[in-house]
Amino acid sequence: MCSRFRFSASLFASTVCFHVCSVMPVNSKREQGKDVAVQGTNDSSVVSKVSAAAQGYFHDDFLKHFVCKVSRRAPLINRGYYVRWKAVDHCVKQFFHATISCSRRQILSLGAGFDSLYFRLHAEGALGDVTVFEVDFPEVARRKAALINSNTCLKDALPDWDALSNQQTNAVFIRSGHYNLIGVDVRKEQEVEATLSRAGLQWDAPTLVLSEVVLTYMETQWSDAVIGWAAKLLPQSMFVMYEQIRPDDPFGRVMQNHFLKLNSTIHALKQYPDTVAQTHRFIQKGWEKCVCLDLNQFYFDLLPEDERQRVSGLEPFDEFEEWHQKCSHYFILTASKGSVTNQALLTLPKASSIPHMTPQWTERPPLVIQPMYGSPSIEAVGMASAVLAPGIILLTGGCGRNGRDTAARVLIKEKDGWKCACVEAHGDKVVSLYQTLTSIPGGGAVLLGGRTSPLNPTGSVVWVTFDPGNEQSAVQLSFENTMTVVGAVPEARHSHSACPYGGGLVIFGGLGKGGRPLCDVFYLRPTSSGFCWETKNLHPPPVPRYSHSAHVINEKLVVVGGVWLQADGVPGVAVINLNTGSCLEIQLDTSSVPWPLMLHSFCSELLDSEGSEMVLIGGGGNCFSFGTHLNLHPVTVDLRPILCSS
């Protein structure tokens, strides 16, 4: 039951399946069920690709012929499939460029599903002397062959096509001069090799081997065998792979649980959890060179600025944290065999715009996080909070399971624990996300930044005053935009932190207009006529991050959680000495929290005057196509080890 807490305000701030294993036939009903589940991922994938193409993320007039109807996906999923499509397309074009002088070239697409690569390349006039071989489960190949046979647009791209069948092996084919569709149980090595040879694959010709989220559905020893087999039999080849990584952080756990529920366990990332391990994997299996990038690296360093701007303007977009996390949990890999294909490997610029950084983790024990048992359930992201009075925390804005939250809430500490009180709001209000609401000593608060729309971070600074009143009166808020501020204005940002300090504010991090996280610290210092911006120099510089929370305790800026792109794992606690500029990182121990604790898009407050305990409220988000995950309850973190250190 929710009690009422009266609140008045003049404004409320503004998502060759190629199996080499001749001794592991798949006969059990359980394994057959897993095969069917894996085949189902093809159907879901092509629907999402069609959605992205329909919204203008990329041009493909053929994907729509492989679905019953076009369904519009969420912008986050459209973006996710866009960057997947763009990464693979980039690698294909690099292969074509490197092998342009060769008389015959081949693409061997493993687990191709309903991919339209051949038809798109044919329409673009990009095939030339390239022959495409697609391999997948017999049932998938039959369905694709039937779709092609019944569609005039697709058949017209195959003027010399013929449908063949092998009664002994149960293999099915579409054979033409430049396109071969092969349906065969690829877990039988000898059968697969013989079938590809009969279809016309030339083992010594330059070959692009393509695998988009295919090998990971196999047991790892089988997918390793595929990688080694391709390196052995294709002496002039390039392997392109797109798959998942980073299984152990909260997003990775949600991702794995999603595929487990679909009966499509993803295997390889357990043994090869990051880009470094994947690179070593290919070298050990016989490939001469290998480059592996996560999708954040690809997006920011290999796509031109004007292309990123084009994509950002296609749809209103509101899920930057989930977008960056999705990209950090997928990779694009190129591995080469032979001198010709070496030239087609992924190549990063000399100066990366998001260079990899290693956090300066201290040797101190991790800080311990505990669930706040008996606390109310608060499932929301992007809220702002402020302490109105001891034991009273105001929560405003944000977005929950029912959309953007227009009602403010108050957490009230009572003898038997915390309770949530609803707020009666009076006056004009504008729902906002990812702003900061910061209490100022002596009364009042400052509302800073946020975004008025997904594409518009704001740099506004608004003064907020409030009167807690008594039990019968309402909390009165007023907002004034009349502050006088001088000095070099920081870059516009949202999802930053702003903390009271020295009569003013200290600002850290956030996400700028370029879509890259920031790591700067600014002090909004009070003056006789207003405020003045000053820059704080930090050493060593912390890893840039946003969507975190922060507080000043004993001249130290304590930054908790957030999202970063340039380091492995997830942020813990950064401790920045505001006098000396020194910075260190401390890890968090979340083993006592029974759910994947996502520390972004949350808010926090100190629970005592000494700053020894902090409560973290809300947080989480839409995990690409893996479902929405919101933190169930507030949690607390013990900060006493920080206070006791020098």
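By the 30° and 60° cut-offs, the orientation of the rings of H324 relative to F300 is tilted. Relative ring orientation between F282 and W287 is described as tilted, the plane-to-plane angle lying within the 30° to 60° band.
The main-chain N or O of L201 is never found under 3.5 Å from a side-chain atom of Q106 such that the two would form a donor-acceptor pair. Between the side chain of Y57 and the main chain of K86, no donor-acceptor pair closer than 3.5 Å is present. When atom types are taken as modelled, the side chain of S176 and the backbone of W161 share no donor-acceptor pair closer than 3.5 angstrom. The backbone N or O of S328 lies less than 3.5 Å from a partner atom in the side chain of R246, making a donor-acceptor pair. When atom types are taken as modelled, the side chain of R545 and the backbone of P571 share no donor-acceptor pair closer than 3.5 angstrom. In this structure, T341 contributes its side chain and S336 its backbone to no donor-acceptor pair below 3.5 Å. A donor-acceptor pair is defined here as one N or O able to donate and one able to accept, closer than 3.5 Å; such a pair exists between the side chain of S237 and the backbone of L234. The backbone N or O of H267 sits nowhere less than 3.5 Å from a side-chain atom of T265 that would complete a donor-acceptor pair. With hydrogens and angles ignored, the 3.5 Å screen pairs no side-chain donor or acceptor of N151 with any backbone N or O of L147. Checking side-chain atoms of E319 against main-chain N and O of G621 turns up no donor-acceptor pair under 3.5 Å.
For the residue pair D294 and T275, no side-chain donor N or O sits within less than 3.5 Å of a side-chain acceptor on the partner. A donor-acceptor pair shorter than 3.5 Å can be found between the side chains of W203 and S197. Using modelled atom types, one finds no donor on one side chain facing an acceptor on the other under 3.5 Å when comparing R72 with S51. R281 and S223 share a donor-acceptor pair across their side chains, judged by distance under 3.5 Å alone. Under the 3.5 Å distance criterion, with hydrogens and angles disregarded, a donor-acceptor pair is assigned to the side chains of Y272 and D224. Between the side chains of E134 and N180, no donor-acceptor pair of N or O atoms lies under 3.5 Å.
Ion pair D89/R120 flagged as a salt bridge, since at least one NZ, NE, NH1 or NH2 atom sits closer than 4.0 Å to an Asp/Glu carboxylate oxygen. At a threshold of 4.0 Å, the pair D129-R105 counts as salt-bridged, since one of the basic side-chain nitrogens sits closer than that to a carboxylate oxygen. Taking a cutoff of 4.0 Å between a charged side-chain nitrogen and a carboxylate oxygen, E139 and R143 do not qualify as a salt bridge. A salt bridge does not link R253 with D249: none of the charged nitrogens is closer than 4.0 Å to a carboxylate oxygen.
Heavy atoms only, all atoms of each residue included: D136 and A112 are closest at OD2-N, 3.4 Å.
Two residues are said to be in side-chain contact when any heavy atoms from C-beta on lie closer than 4.5 Å; M598 and C623 meet this criterion.
For F298, the ring pair (Phe, Tyr, Trp, His ring centres under 6.0 Å) partners are H90, not counting sequence neighbours. Remark: R516 pairs with no residue by the salt bridge (charged side-chain N to carboxylate O under 4.0 Å, His left out) rule, at least two apart or across chains. H600 meets the ring pair (Phe, Tyr, Trp, His ring centres under 6.0 Å) test with no other residue; sequence neighbours excluded. The ring pair (Phe, Tyr, Trp, His ring centres under 6.0 Å) search around W85 returns F58, not counting sequence neighbours. Partners of Y299 according to the ring pair (Phe, Tyr, Trp, His ring centres under 6.0 Å) rule, which considers only residues two or more places apart in sequence or in another chain, are W323. Partners of K337 under the salt bridge (charged side-chain N to carboxylate O under 4.0 Å, His left out) rule, at least two apart in sequence or in another chain, do not exist in this structure.
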After noting the C-alpha distance and the side-chain angles of V381 and L630, does the key distance pass the side-chain contact (heavy atoms from CB on, under 4.5 Å) rule? CA-CA 8 Å; V381 300; L630 300 176; 3.6 Å; yes
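Just one residue in the list D60, V67, D115 forms a side chain to side chain contact (heavy atoms under 4.5 Å, CB included) with K49, and that residue is D115. Just one of V209, T131, T207, V130 meets the side chain to side chain contact (heavy atoms under 4.5 Å, CB included) condition when paired with I107; it is V130.
Taken from CD1 in I266 to CE in M255, the straight-line distance is 4.5 Å, to the nearest 0.5 Å. Atom CG in N631 sits 6.5 Å away from atom CG in L599 (nearest 0.5 Å). Between atom CG of residue D204 and atom CG of residue L233 there is a gap of 11.5 Å, rounded to the nearest 0.5 Å.
Between F320 and Y546, the ring centre distance reaches or exceeds 6.0 Å. Ring to ring, Y242 and F331 are not that close: their centroids are 6.0 angstrom or more apart.
A cation-pi contact links K144 to F66, judged by a cut-off of 6.0 Å to the six-membered ring centre and 45° from its axis.
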